[in-house]
A.B. asks: 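This is the structure I have questions about; it appears just below.
Chain A is the first sequence line, chain B the second, and so forth, proteins listed ahead of strands; every chain is numbered from 1. These numbers come from a predicted model, not from an experiment.
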2 protein chains.
Amino acid sequence: MITNKNCIIRLSRYKNALYRLQALGFVKVFSDNLADSVGGTASQVRKDFSIFGISGNKKGGYQIDSLLEKLNSILGKDQLQKVLVVGAGHIGSALMRYRGFEKEGIKIVAGFDIDPAKINRSNPVPILPLDEAKAFIKSNQIRIAILAVPDIAAQSALDLICAAGIKGVLNFAPLRLKAPDGSIVNNVNLEIELENLIYFVNVAEKTK
Amino acid sequence: MITNKNCIIRLSRYKNALYRLQALGFVKVFSDNLADSVGGTASQVRKDFSIFGISGNKKGGYQIDSLLEKLNSILGKDQLQKVLVVGAGHIGSALMRYRGFEKEGIKIVAGFDIDPAKINRSNPVPILPLDEAKAFIKSNQIRIAILAVPDIAAQSALDLICAAGIKGVLNFAPLRLKAPDGSIVNNVNLEIELENLIYFVNVAEKTK
DNA sequence: ATCATATTGTTCCATTTTTCACAATAACAA
DNA sequence: TTGTTATTGTGAAAAATGGAACAATATGAT
Ligand SMILES: NC(=O)c1ccc[n+]([C@@H]2O[C@H](COP(=O)([O-])OP(=O)(O)OC[C@H]3O[C@@H](n4cnc5c(N)ncnc54)[C@H](O)[C@@H]3O)[C@@H](O)[C@H]2O)c1
Ligand SMILES: NC(=O)c1ccc[n+]([C@@H]2O[C@H](COP(=O)([O-])OP(=O)(O)OC[C@H]3O[C@@H](n4cnc5c(N)ncnc54)[C@H](O)[C@@H]3O)[C@@H](O)[C@H]2O)c1
């Protein structure tokens with residue numbers, strides 16, 4: 001069982017690179033082409049594939065279309081992934097208006113908010129009152145949510161949606177949430193991303 | 001020289017946890033308190049500190065205020081970090097309106113856009129035409145930028161700001177940019193974050 | 001003053017991740 | 001057909017990361 005997050009991220013990158021190559025008319029690809037496209041090494045590409053039992057052809061590389069099929073299946077992209085956004089504020093609405101997820105088979109199906117002023121059922125992505133979240137999650141069998149509520153509300157909103165059936169949450173609030181049993185929380189912490197960047201810029205500056 | 005990104009992320013977490021503890025009135029802390037707060041082990045906390053020459057007191061733990069001073073200095077938080085946003089669209093304006101960075105000593109000082117309709121010099125964070133970016137970066141000695149332009153414009157915008165003196169970029173466009181010499185690009189790729197989450201949710205589902 | 005105790009700092013060990021290296025082999029050329 | 005070459009797949013080596021263990025020691029108790 002693979003627990004290596006970086007490995008899965010690389011699979012996503014290979015997949016994206018393969019679509020670009022396919023769009024350019026390529027039908028096969030070698031491990032070193034892929035390595036170049038995503039910025040890695042050829043042996044790591046092959047090792048990653050081998051972990052998932054993906055094989056190519058000696059001297060012939062990999063068929064792009066069948067490779068994409070396999071990667072897409074591993075990454076759960078053989079079915080449309082329905083996602084909710086909880087918190088229709090600045091970040092939440094930016095995400096709901098973003099069209100880029102759709103080409104990745106990810107569809108934001110609804111937003112939820114406690115502020116009555118934010119409710120808008122006729123939006124392309126409808127924004128509904130939080131009270132309706134539980135029923136919505138259950139009847140539409142949603143498993144994934146993006147959490148974009150104020151920090152103070154994050155844990156209770158998380159508990160609510162997980163109790164309703166959400167299994168995976170991408171959390172934007174910059175604090176450590178306790179994931180309810182059976183659910184996974186990943187964080188996007190932009191403060192920390194910036195701090196990290198600043199650190200490495202400073203280090204580069206000093207060693208220069 | 002530390003190249004371990006996770007280690008630096010942990011330093012940020014320690015720092016955040018320390019502020020919370022400080023706000024609760026604590027003046028000292030033990031490695032296992034910190035480990036609990038951030039979800040790690042006590043030896044890792046001590047190891048992280050030791051890497052940076054931070055020492056505490058046998059049996060006495062660490063003084064929170066002096067620990068914070070040291071962490072803040074390592075993380076470059078002893079001076080206000082001025083940051084630009086390039087691209088005042090959905091993501092860019094969400095970031096410019098966000099007040100949360102300020103308490104972290106990060107100040108978004110300006111946004112830049114090519115669309116004349118976006119220009120607004122009297123905004124709390126002024127939004128200026130891209131042509132002015134170079135002069136602004138130079139005269140204000142900005143080193144860090146957030147890139148939130150459409151995918152197609154990302155590489156050229158990156159080249160422009162790095163040529164003007166930007167050393168570190170947090171890029172939201174879901175593609176691999178070529179960092180100009182002497183600059184660092186870190187990516188926030190939400191598509192990939194979601195794919196990753198979906199993968200691990202599926203795995204958990206299956207092994208259940 | 002002595003002892004017991006709690007906690008650090010660091011060394012050593014285990015695990016994970018990446019890279020190297022090369023045998024196996026499919027494709028192609030002559 | 002035979003030989004040459006390019007590329008995979010993988011086992012072994014190396015590097016990086018994380019965790020356990022424990023000696024050193026400051027603190028507080030008796
Ligand atoms: N905006 C940014 O650029 C940015 C950057 C980094 C981190 N964040 C984090 O993202 C989160 C959201 O930030 P934002 O700027 O979008 O905030 P915001 O205040 O603009 O929006 C939050 C929304 O959540 C709604 N809400 C409050 N409690 C709720 C609940 N219990 N259930 C459902 N909805 C609820 C509010 O009505 C509001 O519409 C915060 O945790 C913030 O720290 C935001
Ligand atoms: N909005 C989201 O939720 C979201 C999610 C994931 C990724 N992204 C990525 O973030 C980036 C920005 O997305 P967005 O939704 O904010 O886009 P957007 O179209 O809302 O905004 C982009 C802004 O950049 C400006 N712009 C275009 N070219 C420019 C240039 N050369 N220099 C300066 N400004 C320029 C445009 O005028 C516009 O204001 C895109 O790469 C997108 O793929 C966005």
Side-chain angles (χ1 to χ4, degrees), chain A residues 1-14 17-18 21 26-71 74 176 192 196 199-200 203, chain B residues 1-14 17-18 21 26-71 74 192 196 199-200 203 207:
Chain A
M1 232 280 293
I2 306 300
T3 53
N4 184 344
K5 177 165 168 158
N6 284 332
C7 173
I8 308 303
I9 288 178
R10 286 194 299 269
L11 295 191
S12 286
R13 300 217 165 107
Y14 301 148
L18 286 167
L21 291 170
F26 290 89
V27 335
K28 66 179 187 181
V29 69
F30 303 116
S31 55
D32 64 332
N33 302 144
L34 268 176
D36 288 348
S37 318
V38 308
T41 67
S43 27
Q44 187 157 57
V45 172
R46 298 199 297 276
K47 174 72 56 99
D48 286 340
F49 288 172
S50 126
I51 288 171
F52 289 95
I54 294 175
S55 55
N57 314 297
K58 296 273 158 76
K59 197 162 175 185
Y62 302 83
Q63 288 299 119
I64 290 181
D65 51 4
S66 89
L67 188 46
L68 271 170
E69 253 173 46
K70 285 168 188 150
L71 291 176
I74 292 165
R176 203 165 78 93
I192 289 186
N196 203 264
Y199 172 84
F200 284 105
V203 166
Chain B
M1 232 278 293
I2 305 299
T3 54
N4 184 345
K5 178 166 166 157
N6 285 331
C7 174
I8 308 304
I9 289 178
R10 286 194 299 270
L11 295 190
S12 287
R13 300 218 165 105
Y14 300 148
L18 286 168
L21 291 169
F26 290 90
V27 335
K28 67 180 185 179
V29 69
F30 302 117
S31 55
D32 64 332
N33 303 143
L34 268 177
D36 288 348
S37 317
V38 308
T41 67
S43 19
Q44 186 157 58
V45 172
R46 297 198 298 273
K47 174 89 69 79
D48 286 339
F49 289 172
S50 130
I51 288 170
F52 289 95
I54 295 175
S55 55
N57 314 298
K58 296 271 159 76
K59 200 165 172 178
Y62 303 82
Q63 288 300 119
I64 290 181
D65 52 5
S66 90
L67 188 47
L68 271 171
E69 250 171 51
K70 285 170 188 147
L71 291 176
I74 292 165
I192 287 186
N196 203 262
Y199 172 84
F200 283 104
V203 166
T207 41

A.B. asks: Considering only heavy atoms and no angle criterion, is a donor-acceptor pair shorter than 3.5 Å present between the side chain of A:Lys59 and the base of D:dT8?
C.D. replies: no
A.B. asks: Specify the separation, in whole Å, of atom CZ of B:Phe49 and atom C1' of C:dG9.
C.D. replies: 13 Å
A.B. asks: Grab the CD1-P distance between A:Ile8 and C:dT17 for me, whole Å please.
C.D. replies: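 In whole Å, C:dT17 P lies 11 Å from A:Ile8 CD1.
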A.B. asks: What is the separation between atom NZ on A:Lys28 and atom P on D:dT7, rounded to the nearest whole Å?
C.D. replies: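 Interatomic distance, NZ of A:Lys28 to P of D:dT7: 8 Å.
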A.B. asks: For C:dG9 and B:Ser50 - does any side-chain N or O of the residue sit under 4.0 Å from the phosphate oxygens OP1/OP2?
C.D. replies: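 For B:Ser50, the contact criterion (side-chain N or O under 4.0 Å from OP1 or OP2 of C:dG9) is not met.
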A.B. asks: Any chance you could measure B:Leu34, atom CG, to B:Phe49, atom CZ, to the nearest 0.5 Å?
C.D. replies: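 Result: 5.0 Å between the selected atoms.
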A.B. asks: Using a heavy-atom cut-off of under 4.0 Å over every strand shown, decide if B:Ser31 touches base, sugar-phosphate, or nothing.
C.D. replies: sugar-phosphate
A.B. asks: Please state how far atom CD1 in A:Ile2 lies from atom P in C:dT18, giving the value in whole angstrom units.
C.D. replies: 11 Å
A.B. asks: Rounded at 0.5 Å granularity, tell me how far NZ in A:Lys47 sits from CD in A:Gln44.
C.D. replies: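 The NZ atom of A:Lys47 sits 9.0 Å away from the CD atom of A:Gln44.
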A.B. asks: Donor-acceptor pair under 3.5 Å: do we get one between A:Lys58's side chain and the base of D:dG9?
C.D. replies: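 Looking at the base of D:dG9, it does not pair with any donor or acceptor on the side chain of A:Lys58 (distance under 3.5 Å).
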A.B. asks: Of A:Gly60 and A:Thr41, whose nearest nucleotide on DNA chain C comes first from the 5' end?
C.D. replies: A:Thr41
A.B. asks: Within this structure, what is the CD1-to-P distance between B:Ile51 and D:dA16, rounded to whole angstrom?
C.D. replies: 13 Å
A.B. asks: Look up atom CG in B:Asp48 and atom CG in B:Leu11, then write down how far apart they are to the nearest 0.5 Å.
C.D. replies: 6.0 Å
A.B. asks: How many whole angstroms separate atom CG of B:Asp48 from atom C1' of C:dT10?
C.D. replies: 14 Å
A.B. asks: Would the distance check show the side chain of A:Asn4 and the main-chain N or O of A:Cys7 forming a donor-acceptor pair, the cut-off being under 3.5 Å?
C.D. replies: yes
A.B. asks: Would you mind telling me which of D:dT8, D:dT5, D:dA12 lies closest to the side-chain atoms of A:Lys47?
C.D. replies: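 From the listed options, D:dA12 comes nearest.
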A.B. asks: Any heavy-atom pair between the side chains of B:Asp65 and B:Glu69 that's under 4.5 Å?
C.D. replies: no
A.B. asks: Can you tell me how far P of C:dT7 sits from CZ of B:Phe30, to the nearest Å?
C.D. replies: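 Checked: the CZ to P distance equals 5 Å.
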A.B. asks: For A:Arg46 and B:Ser43, find the nucleotide of DNA chain C closest to each by heavy atoms; which residue's nucleotide sits nearer the 5' end?
C.D. replies: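 Result: B:Ser43.
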A.B. asks: Students often get this wrong, so: under 4.0 angstrom with heavy atoms, is B:Tyr62 touching a base, only sugar-phosphate, or nothing?
C.D. replies: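 Sugar-phosphate only.
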A.B. asks: In terms of side-chain heavy atoms of A:Ser55, which of D:dG28, C:dT19, D:dG9 is nearest?
C.D. replies: D:dG9
A.B. asks: What is the distance, rounded to the nearest whole Å, between atom CG of A:Leu67 and atom C1' of D:dG9?
C.D. replies: 15 Å
A.B. asks: With a 4.0 Å cut-off on heavy atoms, is B:Asn4 in touch with a base, just the backbone sugar-phosphate, or nothing at all?
C.D. replies: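 The residue B:Asn4 makes sugar-phosphate contact but no base contact.
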